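FYI, the numbering just counts along the sequence from 1. In this text the structure is predicted, and so the values were computed from the model without any measurement.
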Amino acid sequence: MAANEVYQYSLISALMDGVASNGIPISDVLRHGDHGLGTFKNMVGEMIVLDGEVYQMKADGSVVHVDPEETITPFATVTRFDPTTTVKAMLKDGKKDLQALLDELHPEATNHFLAIRLDGTFERIEFRTAGGQCRPREGMVDVCSRQTTHMFEGERGTVIGFRCPGYVMGINVAGDHLHFISEDRERGGHILGFKTEGEIEVGVAVMSNFRLELPKGDREFDEAKLVKDEEGIKAVEG
């Protein structure tokens with residue numbers, strides 16, 4: 001794929017229905033991008049794809065480097081990131097300030113996708129990780145009810161994420177979806193909140209091409225109801 005095109009495997013609604021026992025090798029996903037988010041077989045931990053390297057962020061907040069040839073993902077979103085805008089910014093109010101900055105930088109992108117990267121020191125960063133399914137087809141709401149949260153201060157690292165337009169809710173997560181990994185690649189997870197310490201570097205790419213690949217030969221997916229649960233998605237991804 002060319003730079004700044006979105007590739008997605010499966011649906012967030014499928015995860016909500018517990019479709020996570022199967023998937024595709026992450027190496028297949030990396031053919032489409034070097035920047036992204038996702039999860040792993042049975043929803044064991046959070047995925048971050050940073051500069052083409054894949055990391056698994058576990059329930060205890062620790063991080064391991066993943067062999068993409070040997071590891072399966074039931075859901076992932078990636079792009080070949082080439083920022084169209086790069087600025088320095090102070091985000092004292094975290095997600096709220098980031099939303100305002102993105103709106104200011106790209107007011108024309110309301111109905112487009114954005115890829116986001118933040119690099120710098122975070123005064124405070126709170127993130128969560130999920131430990132995975134306890135049984136096949138256990139839904140995401142139940143999996144995330146057992147999530148663990150972690151808080152760090154003065155942590156240098158990188159945030160990777162996407163802003164998806166509202167009309168894709170249920171296909172992906174509408175709004176800003178962000179994962180964090182520390183500079184030493186030892187801590188990270190799904191961001192709940194943050195504040196920056198001084199200015200950080202913000203890279204953004206506007207994306208208008210979206211490719212969706214659905215699971216094939218997956219009985220869980222074929223039997224899933226895939227009813228959009230907007231409130232449930234907001235609860236686990238907000």
Under 3.5 Å, which donor-acceptor pairs do the side chains of residues 193-206 form with other protein atoms, sequence neighbours left out?
{"residue": "Thr196", "atom": "OG1", "partner": "Leu91", "partner atom": "N", "Å": "2.9"}
{"residue": "Thr196", "atom": "OG1", "partner": "Gly198", "partner atom": "O", "Å": "3.0"}

- Item | Evaluation steps, side-chain contact (heavy atoms from CB on, under 4.5 Å), between Ile125 and Met151 | CA-CA 6 Å; Ile125 190 156; Met151 176 85 75; over 6 Å; no
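- For His190 and Thr129, the side-chain atoms include no donor-acceptor pair closer than 3.5 Å.
- Put simply, Ile26 and Val78 are part of the same group of oily side chains (I, L, V, M, F, W, Y) that touch within less than 4.5 Å, one to the next.
- Look at Arg128 and Glu46 and you find a salt bridge, because one of the NZ, NE, NH1 or NH2 atoms lies within 4.0 Å of a carboxylate O, short of that distance.
- A 4.5 Å side-chain heavy-atom check between Phe122 and Phe152 finds every atom pair outside the cut-off.
- With sequence neighbours left out, the side chain to side chain donor-acceptor pair (under 3.5 Å) criterion links Asp60 to Ser62.
- In this structure the side chain of Pro165 reaches within 4.5 angstrom of the side chain of Phe113, judged on heavy atoms.
- Salt-bridge annotation for Arg185 and Glu53: absent, with no side-chain N of the basic residue lying under 4.0 Å from a carboxylate O of the acidic one.
- When only modelled atom types and interatomic distance are considered, Thr79 and Asn4 share no side-chain donor-acceptor pair under 3.5 Å.
- His177 and His179 have perpendicular rings, their planes meeting at more than 60° on a 0 to 90° scale where under 30° would count as parallel.
- With values rounded to the nearest 0.5 angstrom, Asp119 atom CG is found 4.0 Å from Thr158 atom OG1.
- Using a 4.0 Å cut-off between a side-chain N of Lys or Arg and a carboxylate O of Asp or Glu, Arg219 and Asp222 do not qualify as a salt bridge.
- Summarising the geometry, atom NE2 belonging to His112 is positioned 9.0 Å from atom CG belonging to Asn209; distances are rounded to the nearest 0.5 Å.
- The distance from the CE atom of Met140 to the CE atom of Met16 is 7.0 Å, given to the nearest 0.5 Å.
- To the nearest 0.5 angstrom, Met47 atom CE is 3.5 Å from Thr73 atom OG1.
- Here the side chains of Asp34 and Phe81 are in contact, with some heavy-atom distance below 4.5 Å.
- For His35 and Phe162, the distance between ring centers is under 6.0 angstrom.
- Residue pairs that meet the salt bridge (Lys or Arg N to Asp or Glu O under 4.0 Å) test with at least one member in residues 76-87, sequence neighbours left out, do not exist here.
- From Cys164, atom SG reaches atom CG of Asn172 across 4.0 Å, with rounding to the nearest 0.5 Å.
- For the pair Arg117/Asp51, a side-chain contact is recorded, criterion being any heavy-atom separation below 4.5 Å from C-beta on.
- In summary, Lys234 and Asp229 do not engage in a salt bridge, as defined by a charged side-chain N under 4.0 Å from a carboxylate O.
- When side chains are defined from C-beta on, Phe40 does not count as touching Asn42, because their heavy atoms never get closer than 4.5 Å.
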